[in-house]
Amino acid sequence: MKTKLSIAIASLLAIPVGVFAEESVQTLDTVEVKATSIKKKDKEIISKLLQTGDTASALENEPGMSLSTGGGVSSLPVVHGLNDDRVKILIDGMQITSACANHMNPALSYANAANVGEMSLVAGITPVSSGGDSLAGTIAVSSVTPKFASDKEDYHLSGRVSTFFRSNAEALNSTVAAAIANKNISLGYEGALASADSYNDGRGNRVRSTQYKSMNHAITLAAQGYNQTLIIKAGQQSIPYQGFVNQPMDMVGNRSNFINVNHKGDFAWGKLDTRFYWQNTTHEMGFFSAEKTGMMPMNTEGNDMGYAIKAEIPFMNDHKLRVGNELHYFRLNDWWPPVGTTGMMGGNTFLNINNGTRDRYGLFAEVESNWDSQWSSLFGVRYELVKSNAGNVQPYNTGMMNAPDVAAAKTFNSRPHARTDHNFDATALVRYEANKMSRVEFGYARKTRSPNLYERYTWGRTGMDMMMNGFYGDANGYVGNIDLKPEIAHTLSTTISLHDDKDKDWEVKLTPYYTHVENYIGVVPTTNGMNTATTANMGGALGANIALLQHANQNAELYGIDVPWRVKVMDNEYGRTQFQGVLGYTHGRIKNTGNSMYHIMPLNAKIAVEHTLGGWNSAADVQLVDSKTQVDPLRLEPKTAGYTLVNLRTGYQWEHVKVDAGITNLLNKYYSLPLGGVNFSEWKANGRVGQINLPVAGMGRSFNIGVTLEY
Ligand SMILES: [Cu+2]
C-alpha cells in the first residue's frame, strides 16, 4: 500500500489512464477518478486556481491536456487531441451545455475557480460510471466540501478572503467565502469577482478583445447525520462582458442561475448517491468596446435539467458493483433580432435554433474487482438514448442578399428534424502490480457522443450566418447537418509505471494511446449558391476568403503518448527539491482526406524544479512547445512557431495567511498560441484586408502577487 506522501505525489502527477483507487476509495463521487485526482495537496494547482478566473487553465499542465483559448475565462479543454464537447465536464456532478453558437460559455466557465476543492481529469479509458456522451475523457470539478463543527465545539466558523493581481492586463481576482456550522447543519456563502483588460503580448502590443469581467455567487446549505449528507447549492453567475479575440462577436452578457441538490447515504447494503440539478443561461453577443466594433445582436437561452442516481454495492469481499441511471434535459433557443427594417439583417428575427431539445437517458453497470494483491480489473457497460429535435426556422428577410438562406430555410423546414440515437459504451481495464517498482494498466474503451444541437440543426447559408456558427476560433463559416450520426471512439491505451521501491523518490510513466473514431464529426467544403468556390470570397462585406464548411461524419485516428516523470534530488534540513515534468505528443488525422485534424497540440514538454521547506514552496519551470506544422488545410489553419517560456513562482504559508508571488513569461517572449485560433479582432481593426490567418499571440511577461487569509 502506498504512503500518504506518495499519494500526494501521484496526485501531483495526475496519472493519466489509471482509475483504480490509490487510496481505498470510499465515496461514490470520487470513486472513478481517485488515482488521477489533483488534490488540494497540489499547491501548484490550488494557487493557480486562486489566480485565475478561468478554471480550465488550472489543468493546463496535466498530462494529455491542452487548452483551446478564446475568451479570458472560457477556455475549451482538449484531451488527447479531442476537444470541447468531446470531453465530459461535471461541475459538482452537474452537466452544463454550452448555450452559444461559438461555445463562449462552456461548462468549465461556470465553475468558480476560487472555490474548487478538487479537480480531476481521466483521459482516455474512462469508467462508464463517469462517462457517457463524450469521447476523450472526463473532467470533474468539485467545490470545497462543507465543514461541520467537531465534537469539541458548539459551532464552527470558517472563512477565506483572497485577492490576486496580475500586472499584464491589470487582472484582479477577489474572492470571499464564509461558513457557519454546527455538528449537523452548515451554511456557507462564496463569491468571486474577476476582471482584466486586454493583455499585451511579448512585443508590448495589446491583443484586442481579450478583456473580461465575471462575478460568481453561491450559497451552500448542508446537513449531515445518520450516515447521510444532503447538500443544497444555489448560485448565480454574471459575465457582463468578455472579449473573444478569435470570434467575429464578443460576449456582452451571460447570466446563469443554478440549483444543485445532492444526497449521499451509507447503508448496510452499500452507498447511494442521488443528485438533481437545474441551470438556466441567458447569453447575448454583440460588441462592447472600441477594440472590436459592429452591430449585430445575437441572443441565446439554454436550460439544463437532470438527475443522476448511482449505487455502489460491495459483494464477495473483493468486488464492487456500481449501477446508475441518469437523465439530462437540454433546451435551447438561439435567435438574432433584426437590425432595422431593411438591409441584409432587417425585417424579421433570424431563428438560428428554434426550440431545440436534446434529452439523454443513461443506464450503466460496472464491476471493480481486486482479485489479489497484484491483479485488479474494471468492466462496465453503458447505454444511452439521445433524442434531439428543433422547430422550423426563418431568415431575416427574403431579399436577394439572403437568397441562400431563403432556399436553406425552405429545405430545412420541409424535413423532419427529430432524431433518436441509441448509444453503447463499454470499458475494460486490467491492472497488474508486477512488483514493488512497476505497475501496468491496459484498457479498451468504446465511447459515443451524439451531435450537439448546433452541429445538427444550424441551417443558415449566407457567408455571414455561417461565420456566426462556429466554435473553432478559425473565423470560417459552418452549417449543420441533420443527418449526422453519433461519433464512436475506440481507444486502446496502456500505462507503464516505474518507480523506486518505496514509490517516493522517482517515478516515470508511459501512456501511449491509440483512438479510432468512427463517424467523427468533421467538416467538408460546401457552397451556398452565391459562392461557388470552396472558399467563399466575402470581399464586399468582409474582404477576405473564409472557408464554407458543413459538419459531416468521417473516420479519424489519433495516437500519441504522455510521459509524466519526477525525481527527487534532495530531501534534508534545507528542504525537499525535486525535478518533475511531462512530455506530450499527439497525432490526429482524418482518414477520409488524409488531412491533419484541426487544433492538434504540437510536441510539448514541461520541466520544473520545485522546492519545499516548511511553509515555503517555490518553483521554476520551462515550457517547450514545438512548431505546429501539421494543420488542417480545409480550415485554413495557420502554422505556429515553436517557443520556450520560463515561469517563476514562490509562496509562503503562515497559519492563516498565504502570500504568493510569481513572474510568468519571465523573458517576455513573443509567441503564437498553437490552439488560439486566428486573430479576427486584429484583422478587423486593420481594415479587414487579406486572409484572416494571423494566429493569436500569447501573453507577455506578467508580475503576479496574491494574498489569502483563511481561518
Ligand atoms: Cu455567444
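For ligands, and for the atoms within them, numbers begin at 1 and follow the listed sequence.
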| request: Might you work through the side chain to side chain donor-acceptor pair (under 3.5 Å) test for Tyr478 and Arg635, ending with a clear yes or no? | output: CA-CA 10 Å; Tyr478 289 86; Arg635 304 192 208 225; 2.9 Å; yes
| How about Tyr396 and Trp335: are their ring centroids closer than 6.0 Å? | no
| Checking Asn413 side chain against Gln394 main chain: does a donor-acceptor pair fall under 3.5 Å? | no
| query | Which salt bridge (Lys or Arg N to Asp or Glu O under 4.0 Å) pairs, counting each pair once, include a residue from residues 248-257, with sequence neighbours left out? | reply | Asp250-Lys292, Arg255-Glu284
| query | Going by chain and residue number, what protein N/O/S atoms come nearer than 2.8 Å to the Cu ion (ligand 1)? | reply | Cys100 SG, His283 NE2, Met285 SD
| request: Answer with yes or no after comparing the ring centroid distance for His417 and Phe412 against a 6.0 Å cut-off, counting only values under it. | output: yes
| query | Within 45° of the axis and under 6.0 Å from the centre of the six-membered ring of Tyr329, does NZ or CZ of Arg331 qualify? | reply | yes
